Protein chains: 2
Amino acid sequence: MRKSKFVSIYHDLSEKILKKKIDAGALLPTENELCAQYHASRETIRKALAMLSRNGYIQKVQGKGSIVLDVSRQNFPISGLTSFRELAAHSKRQWTTDVHQVVLLNPDEHLKMMMNLQEGQTVWQVVRSRSTEGESVILDRDYLIQEVVPMLTADQCAHSLYDYIENELGLKIGFAKKEITVESANEEDYRYLTMHEGTHVVVVRSLVYLENAQLFQYTESRHRADKFRFVDFARRDHM
Amino acid sequence: MRKSKFVSIYHDLSEKILKKKIDAGALLPTENELCAQYHASRETIRKALAMLSRNGYIQKVQGKGSIVLDVSRQNFPISGLTSFRELAAHSKRQWTTDVHQVVLLNPDEHLKMMMNLQEGQTVWQVVRSRSTEGESVILDRDYLIQEVVPMLTADQCAHSLYDYIENELGLKIGFAKKEITVESANEEDYRYLTMHEGTHVVVVRSLVYLENAQLFQYTESRHRADKFRFVDFARRDHM
DNA sequence: CAGTGGTCTAGACCACCTG
DNA sequence: AGGTGGTCTAGACCACTGA
């Protein structure tokens, strides 16, 4: 079995919710009913439900049931995402990517510290901009450790870096630490982005790690402020 | 038992990691060892570990163990929380709150739609600003449904709305949907915030729901752009 | 190969909500 | 009181890592 059972159940239920086969505000079948429907034990069902809950599909209420939440009202959370391609796939806009630079370089002190690099490690630097409706609104600057990604071409960067990394190289992304701030636009922003009014950009800095906890990428993603939007679903752990 | 066993184990381990009793990069004891240490079954241990993993404390690697992550490098994620008080508690700065307005009002059409209000429902409007180092940098505008929060005084707003709601009223916050954008400052921003250079503010709009999935609050939090910072830990579900 | 984490099960008991 | 979800258990088998 490629996927685990509880993930299949999660997908089945999340799809039913997205396609409105179950209305928002209604209750999911009880856990025991789901056990019967999916021929699974209760703990397995509960893993699927926990995942739905984490991702904003349902709210569990003890003694009552699992309430289906309204997944349409706000555009749906694109948190937990790491790649631009995935983000673009969720949006209705048409996006194009321009690759400005793909070079191998010796990291400076700042980058060495930031990425915790060993002496002698080299990194790929990739600079790309993303355009929609004729305007360039995102400037991405990626640094990838060459030991992990030995070779890189402009073609791969134009298509999807992550597609290449996950499908061609067989590496698996584990997690990312991100920081969002607002900063003054620099000369490169003016060069590569379509900046009319406004002198500030939203900067998303990410450290991306593989599944084995190895850091392999640092990215600085600079967004024209008026085109930036971040949506999040946050659950409260009171414990 | 007030707390569940797996949550206690989670707290015990997360504290050990925060206090560096276990080094970053090292492995946690194996699941079987933890079973023995905490007199718990393996599934219970695994719930605690899953929680540590979700919150960025560890990375689990099959066949190997649970690697402790570096929790100090980046300031720690302030995602998943909803209240300003908690945020302030994590920061080293000294904050003060000014309450500018606490009034009961009949919602206009926009608010009715936004909050999905029934005919005749009234809401509290609270306007507060937050200052640090002599500068006012955050302007919060909250709307709370009066059916849920019958009475509200300026005193309670100056202290902590959430403290009052959770501890006095006994309500429990469940989850929130948030959206972050950058917008032009309006006249109120100029009135209540210390705006020197810069004409834009970061706007965080949140819909906050109780544990029973009932919406009870809408908040617009406006941040002076140069003081805004959002840190996130994002795990990838590849399934 | 032994040892690790990943998944699944069946059954038990508790806490909460609703009639 | 009956049904719901919340927690915990003991045991089984699988998939991956490393020596």
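Everything quoted here is computed from the prediction, not taken from an experiment. Residue numbers begin at 1 in each chain, while the letters A, B, ... track the order of the sequences.
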* Please state how far atom CD in A/Glu211 lies from atom P in C/dG5, giving the value in whole angstrom units. => 15 Å
* To do: Could you pull out all residues at least two apart from B/Lys21 that satisfy salt bridge (Lys or Arg N to Asp or Glu O under 4.0 Å)?
  => none
* Kindly state which residues belonging to residues 26-41 of chain A come within less than 4.0 angstrom of DNA chain C, counting heavy atoms of the residue only, listed by number. => A/His39, A/Ala40, A/Ser41
Name the pairs: protein N/O against N/O of nucleotides 11-14 of chain C, kept only if under 3.5 Å.
residue	atom	partner	partner atom	Å
C/dA12	N6	A/Arg42	NH1	3.4

* Output all residues satisfying salt bridge (Lys or Arg N to Asp or Glu O under 4.0 Å) with B/Lys47, sequence neighbours left out; order by chain, then residue number. => none
* Asked: Considering residues at least two apart in sequence or located in another chain, which fulfil the side chain to side chain contact (heavy atoms under 4.5 Å, CB included) criterion with B/Ala154?
  -> B/Val99, B/Val102
* Gap between atoms CG and C1', on A/Asn212 and D/dG18 respectively (whole Å) -> 14 Å
* Asked: So, B/Lys5 side chain and B/His39 main chain: donor-acceptor pair closer than 3.5 Å or not?
  -> yes
* Structure fact -> With sequence neighbours left out, the residues meeting side chain to side chain donor-acceptor pair (under 3.5 Å) with A/Asp12 are A/Lys16, A/Tyr38
* Asked: Within the pair A/Lys5 and C/dG6, is there a side-chain N or O less than 4.0 Å away from OP1 or OP2?
  -> no
* State whether B/Thr44 places a side-chain N or O below 4.0 Å from either non-bridging phosphate oxygen (OP1 or OP2) of D/dT7. => no
* Can you list the residues that meet the side chain to side chain contact (heavy atoms under 4.5 Å, CB included) rule with A/Gln121, with sequence neighbours excluded? -> A/Leu117, A/Gln118, A/Ile145, A/Glu147
* Between C/dT9 atom P and B/Arg46 atom CZ, what is the distance in whole Å? -> 15 Å
* Asked: Once you round it to whole Å, what is the distance between C1' of D/dT7 and CG of A/Leu49?
  -> 15 Å
* Asked: Backbone N or O of A/Ala234 within a donor-acceptor pair of the A/Asp232 side chain at under 3.5 Å?
  -> no
* Whole-Å gap separating C1' (C/dT4) and CD (B/Gln59) -> 15 Å
* **Which residues share a side chain to side chain donor-acceptor pair (under 3.5 Å) with B/Gln59, sequence neighbours left out** => B/Arg235
* To do: Apply salt bridge (Lys or Arg N to Asp or Glu O under 4.0 Å) to A/Glu168 and list each qualifying residue two or more places apart in sequence or on a separate chain.
  => none
* **Atom-pair distance (CD on A/Gln214; P on D/dT17), nearest Å** => 14 Å
* To do: Grab the CD1-C1' distance between A/Ile58 and D/dG6 for me, whole Å please.
  => 14 Å
* Do the side-chain N or O atoms of B/Ser4 get closer than 4.0 angstrom to the phosphate oxygens (OP1, OP2) of D/dG6? -> no
* **B/Lys172 NZ to C/dC16 C1', straight-line distance once rounded to whole Å** => 11 Å
* Asked: Are any of A/Lys60's side-chain N or O atoms less than 4.0 Å away from OP1 or OP2 of D/dG6?
  -> yes
* To do: Return no unless some side-chain N or O of A/Lys47 is found under 4.0 Å from OP1 or OP2 of C/dT7.
  => no
